[in-house]
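Below you'll find the structure, written out as structure tokens, and then a few comments.
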2 protein chains.
Amino acid sequence: MSSDEQKILTKPEPDYIACDKCHLSPLCSPVTVGAHAYDFTGKMVNRRHYFKRGEMIFKQGDKAELIFAISAGSLKLTAHVKDNDRVIDFRIPGELIDVCSLNEGSYAYSAQALEDIYLCEIGKETLNDIASQIPEVQGRLMKVVSQELINIQKSSMLMHGNINSEEKIAAFILNLAWRYKNSGYSYTRFKLSMTRTDIADFLGLSKETVIRLFKKLQNSKLIQIEGKSIRINSVDALQHFVGIKLISS
Amino acid sequence: MSSDEQKILTKPEPDYIACDKCHLSPLCSPVTVGAHAYDFTGKMVNRRHYFKRGEMIFKQGDKAELIFAISAGSLKLTAHVKDNDRVIDFRIPGELIDVCSLNEGSYAYSAQALEDIYLCEIGKETLNDIASQIPEVQGRLMKVVSQELINIQKSSMLMHGNINSEEKIAAFILNLAWRYKNSGYSYTRFKLSMTRTDIADFLGLSKETVIRLFKKLQNSKLIQIEGKSIRINSVDALQHFVGIKLISS
DNA sequence: AGAAACCATTGATAGTCATCAAGAAAAAAG
DNA sequence: CTTTTTTCTTGATGACTATCAATGGTTTCT
């Protein structure tokens, strides 16, 4: 067992993401207007709120009053479709949870902790108020939303179209790697905090197919997988297999 | 033959969308600041630029200098994946073409006219300049981008997850209907301006499957389809089949 | 530590959908 | 209007993947 894994298991201290890597940071750092520096953001941000594994952060349809960013841990997003909950995405440290709710009254989906997690929260109302007064904040908000749009479009392009199940899974791994890289973590070795069933549900496959294709990708030497930990042998080879260059080498 | 169809075929005058239904309208109408009304937007918008059927509006990777909205006609978006172009979406009157390019240097995909079309264009540089000066414009820009984010997330949720090919096609039709409704057109009867092959490519199916499942949906009385024109018999029944309530009745 | 619940894995079978092939229909071009 | 090209449609076949069933492994709870 590596020391990394041991750290996760014994959990002496959560592996918080650095604030400057967090997607929320533009809305969470002091603003300078002329000669004055305003640090009101510190007042409206509640840092590192703890949630237990399995706990619901919010439910689809709940009134959206807070914007969340993950400080440590990961979670899954689910939405009610045809009488059951379907996994529609995952979130890792540094990522925002439901930016869409900024302009909507309620959350578009539910969020559930996949492990013990810490979240930073920011009041939606306060944020909008300040943004309408200070152009600098408005601009930062704009940047956050645009980046979110680019991200979802990238993953949508990755998943859409004529790709078979094996490519879908490879694309899923590549997408996660890209996001871990953006958050400043290792992107060639990371932990899959979700179950095989969650992955299957998310990709529209059966859990058996996910397991078999993980093994197939391992046999073709693209990845190595053991339980929940995954290792990408060659990012370039994986990108070539998927057919999209997401991570520059 | 209905008079509507005749109008399309003989093309006496394109069926322009009303400006107030266009997604670009927030950036295309006068701004009032205090007692003054500025109509600079009129100067920087080039209205109803004509493109011939099959013509490329822009290509993936081109420097993005303009934001487009469709005034009449429709187009398809394609991206280069694995040595060939894949259809990644379509656009109908009232819709914007590549909002992401607002914060990126180049276009993320190519755009090609599916029929003779008219586009409104707005200079990206000018727009950003004005937005940084006038909060009202910044706010409107924000609204446009957020709406885009909500739209893509909705269609992403619609397509993702464990749905079979028949539901995929039904979801595709429903999504188009929703968008035609948003643009103020009939959403129970409209024209599919793209080929079956384009639809297949977009959905990741074969063209034969698309044809057979169109017929299957017709046999179960959900839709009626003849050549390029489609009619939804019951929006509610279709929504129930897909499992998502996109259009409120 | 032991029990219970959940998750991962493997094999066998059946259903769905891609592919190939060939011809009909529609649209575009001359 | 006729030719040419593109698109649409149908049938037959095979590959891929969902489903069912059974078991072993891991984690969680008491």
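Worth knowing before you read on, the calculation uses all heavy atoms, side chains too, and leaves out hydrogens, waters and symmetry mates. A quick note: this is a predicted structure, and the numbers were derived from the prediction, not measured. Each chain gets a letter, A, B and so on, in the order the sequences are listed, and its residues count up from 1.
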Completion exercise
Between CZ of A/R212 and P of D/dC16 the distance, given in whole Å, is 14 Å

Contacts under 3.5 Å, N or O only, protein and nucleotides 22-24 of chain D:
none

Problem - Side chain proximity check, A/M194 to A/K76, heavy atoms < 4.5 angstrom - result: no

Exercise for the section: Among D/dT19, C/dA8, C/dT19, find the nucleotide with the atom closest to the side chain of A/I211. Expected result: C/dA8

Exercise for the section: Specify the separation, in whole Å, of atom CG of A/L114 and atom C1' of D/dT27. Expected result: 15 Å

Practice task
Could you encode protein contacts along nucleotides 21-30 of chain C as a string, one character per nucleotide from 5' to 3', using B for base contact, S for sugar-phosphate-only contact and - for no contact, with a heavy-atom cut-off of under 4.0 Å?
Solution key: B------S--

Practice task
Anything under 30° is parallel, anything over 60° is perpendicular, the rest tilted; go ahead and classify A/Y107 against A/F68.
Solution key: tilted

Practice task
Could you tell me the separation between the CD atom of A/Q218 and the C1' atom of C/dA8, rounded to a whole number of Å?
Solution key: 14 Å

Fill in the blank from the handout: Taken to the nearest whole Å, CD1/A/I199 to P/C/dT9 is 10 Å

Practice task
State whether A/T209 places a side-chain N or O below 4.0 Å from either non-bridging phosphate oxygen (OP1 or OP2) of D/dA18.
Solution key: yes

Exercise for the section: Look at all strands and tell whether A/S165 reaches a base, only sugar-phosphate, or nothing, counting heavy atoms closer than 4.0 Å. Expected result: sugar-phosphate

Problem - Interatomic distance, B/M194 CE vs D/dT6 P [rounded to whole Å] - result: 20 Å

Problem - A/H49 and A/E121: side chain donor to acceptor below 3.5 Å - result: yes

Handout entry: Any side-chain heavy-atom pair of A/F90 and A/F202 under 4.5 Å
Key = yes

Problem - For atom CG of A/D198 and atom P of C/dC7, their distance in whole Å - result: 8 Å

Fill in the blank from the handout: Side-chain atoms of A/T195 come closest, of C/dA8, D/dA18, C/dC17, to C/dA8

Fill in the blank from the handout: Which of D/dT10, D/dT9, D/dT17 is nearest the side chain of B/R196? It is D/dT9

Exercise for the section: Take the protein atom NZ of A/K216 and the nucleotide atom P of C/dT10, then report the distance between them rounded to whole Å. Expected result: 15 Å

Exercise for the section: Using atom CG of A/L205 as one end and atom C1' of C/dT16 as the other, report the distance to the nearest whole Å. Expected result: 14 Å

Exercise for the section: Indicate yes or no: does B/D236 engage B/K245 in a salt bridge with an N to O separation below 4.0 Å. Expected result: yes

Problem - Electrostatic pair B/D89:B/R179 at N-O distance under 4.0 angstrom - result: yes

Exercise for the section: May I ask you to establish whether A/K63 and A/F58 are in a cation-pi arrangement, using a distance under 6.0 Å from NZ or CZ to the six-membered ring centre and at most 45° from the ring axis? Expected result: no

Handout entry: Minimal non-hydrogen separation, A/L246 against A/Q239, with atom names
Key = N-OE1, 2.6 Å

Problem - Basic-acidic side-chain contact under 4.0 Å: B/K228, B/E115 - result: no

